[in-house]
Student: 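I am attaching a structure below and will ask some questions about it afterwards.
Naming: A, B, ... by sequence-line order, numbering from 1 per chain.
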Amino acid sequence: MKNYRNHFPMINEDYIYLNSASTSLKPTEVINAINEYYSSYSVNLSRGVDSLSYNVTKMFEETRTKVASFIGANKNEIVFNRGTTEGINFIALTIGNEILNENDEIIVSIHEHHANFIPWLELCKKKNAKLIIVPTRNDGTVDPLVLNEYMNDKVKIVSLNHVSNVFGSTNDIKKLAEVVHKYNAYFVVDGAQGIVLNKIDVKDLDVDFYLFSAHKLYGPTGLGIMYYKYNILENIKPLYFGGEMIESVDVDYSTYKKPPYCFEAGTMMISSVLGFSKAIDFVNSINLDEANEYVHDLKKYLVKSMRENINDVIIYNEDAKSHIVSFNIVNIHPHDIASLLDKNKIIVRAGHHCAEPLIKSLGISGTVRVSLNIYNTKEEIDYLISILKKAGDYLDVIF
Amino acid sequence: MSYFDESMYREIILDHVNNPRNKDKEHNEYTESTLKNPSCGDIVTIYLDIKNNIVEDITYNVSGCSICTSSTSMMSELLKGKKIDDALIIVSNFNKMIIGEEFDKEILGEAISLIGVSNMLPRIKCATLSYKAFLGAVNRGDVIE
């Protein structure tokens, strides 16, 4: 595969970055776009008659079109927000709040990130509805046949991850959507991990909502994308009110723009959107199949190396075709492992990964998570293994 | 730190990790305080039996890394049987040690073995979690963070 490492300024001798599921590194193109905005045309959108503002607005809306095309959506089906978490909360607080009644049901899985669990938990509490946790296979995925057993006329929303941030397993979104729609419920998909190195076609998948965050796909922080089927939110009252989202305001009334603009109140994250435009260009320049295969092969190499070299290692998702490996070493706390790795300039994540229900269901306090990307190498895996072999010396970190 | 000190301190910490003192004992009607480090998930509940301003007994539940669990064990040995005022002085000195300030090492017992945590900023919260929970239990049974 082509070597992409030189696109990423943070790739250097100082650190080995194995935490891309938390946030990906950023290519130079993205960083330059943000710098260029702030140094050359750092104006607001649509709030002036100057040509700078006109051009920035044009670039901003072109990015919306680009993002829509990237996932097979229409331009007016893309809302820019602060991230996946905000997007899911938005759905719960708007359409969720409108359609859910007492004793209705929302279905999630135990493998959900807190962002795709707590908004539904809170909504169900508020409405005296039921949060149903559909059982998963051992690999963490939801079997459409099992989901079908849990569906009924009371189910209003099913919200599942596309790819688990702990196990890295991939749900069959298309088949799950078919099941959900047989019962006229809405299907919300947390695509925070699913967007990474996968070609997404939201129309083909037939999801009602698909949410992801720019910063996990080589883009800047502070930006999320919510795809929605237009008719679902066409007549929904906005959640946030303020500048830009209005048509007309007077002392005793206000009218609002059509979606998506009525859902984007206030000054938008302009630099992040412009930066993300370059991230999309970068992803479009990659052979995705090749990149996927490279990362999955790296994962397989890591798992094989761990099995061969690390005593008492427990790997939770050995067979998942994924960029994520979650593991523990018996009698060594995951934080001790992560701390030892950090001392040796290797960055991973350890703990509950914002998935406490899952971690508790496994009867453990957490895992160490390695998450890979196109800028990682076998040599980095070899070095990781060499340090993990010395995991028993975890107290080295304070001496 | 001399080689001898380091070797001894490692042994002490590992001993407390593998053989925690005062853990998971009966605690009927003890004052309790729970504290969690939300960023890492380490969680400790301290139970205190305080009579006549003396820490008559101390026990705890803990789930956490080696620094957190060994620190909690060492703290329980240090503070058990102490007057509250003396216990608070020990807590204060431990906190000073952990953040690299001058401290009275004579009163810290085996907790001095964690002095190296002062060079590892992300682990300071691990070492101090149980001490903060102790302060919470002493003050009102409320958690102080």
Side-chain angles (χ1 to χ4, degrees), chain A residues 15 19 22-23 85 113-115 117-118 165-166 312 316 326-369 387-388 390-399, chain B residues 1-20 36-45 61-74 94 97-100 110-130:
Chain A
Y15 277 99
N19 198 14
S22 174
T23 194
T85 299
H113 187 284
H114 292 162
F117 198 94
I118 305 170
N165 73 311
V166 180
D312 299 324
Y316 294 95
S326 264
F327 70 94
N328 270 312
I329 299 176
V330 174
N331 290 330
I332 304 178
H333 196 277
H335 295 141
D336 289 312
I337 297 173
S339 203
L340 179 69
L341 293 175
D342 176 53
K343 178 148 184 171
N344 289 276
K345 308 289 188 192
I346 302 171
I347 301 175
V348 298
R349 186 174 177 185
H352 52 62
H353 312 297
C354 300
E356 272 199 64
L358 169 62
I359 294 299
K360 283 177 181 166
S361 76
L362 295 172
I364 55 178
S365 59
T367 76
V368 182
R369 183 187 72 184
I387 303 302
L388 286 178
K390 302 184 287 183
D393 295 332
Y394 56 83
L395 287 182
D396 281 358
V397 300
I398 60 167
F399 293 106
Chain B
M1 194 185 300
S2 71
Y3 173 78
F4 174 75
D5 285 342
E6 180 182 318
S7 181
M8 185 175 65
Y9 291 168
R10 279 178 188 266
E11 265 190 50
I12 290 170
I13 296 169
L14 279 174
D15 182 31
H16 280 271
V17 170
N18 295 321
N19 305 292
K36 184 175 179 176
N37 186 344
S39 60
C40 70
D42 285 354
I43 182 166
V44 61
T45 302
N61 313 127
V62 65
S63 170
C65 63
S66 62
I67 304 298
C68 178
T69 53
S70 62
S71 184
T72 309
S73 172
M74 292 176 206
F94 181 82
M97 177 185 80
I98 284 299
I99 60 173
E110 290 190 330
I112 189 112
S113 61
L114 292 170
I115 190 170
V117 175
S118 60
N119 296 322
M120 191 75 187
L121 298 182
R123 306 302 292 279
I124 286 177
K125 272 191 171 178
C126 307
T128 57
L129 193 68
S130 55

Student: Flag the one option from B:L114, B:D42, B:T69 with the top tally of heavy-atom pairs under 4.5 Å to chain A.
Tutor: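 The option with the most such pairs is B:D42.
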Student: Can you tell me which of B:G64, B:G41, B:S63 forms the most heavy-atom pairs within a distance under 4.5 Å of chain A?
Tutor: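 The candidate making the most pairs under 4.5 Å is B:G64.
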Student: Starting at OG of A:S365, measure out to CD1 of B:I43 and round the result to the nearest 0.5 Å.
Tutor: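 Nearest 0.5 Å value for the OG-CD1 distance: 11.5 Å.
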Student: Please tabulate, for the side chains in residues 390-399 of chain A, all donor-acceptor contacts under 3.5 angstrom to protein atoms that are two or more places apart in sequence or on a different chain.
Tutor:
{"unit_1": "A:D396", "atom_1": "OD1", "unit_2": "B:R10", "atom_2": "NH1", "d": "2.9"}
{"unit_1": "A:D396", "atom_1": "OD1", "unit_2": "B:R10", "atom_2": "NH2", "d": "2.6"}

Student: Counting a contact as any heavy-atom pair under 4.5 Å apart, which residues of residues 328-341 of chain A contact chain B?
Tutor: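 Heavy-atom contacts from residues 328-341 of chain A to chain B are A:H333, A:H335, A:D336, A:S339.
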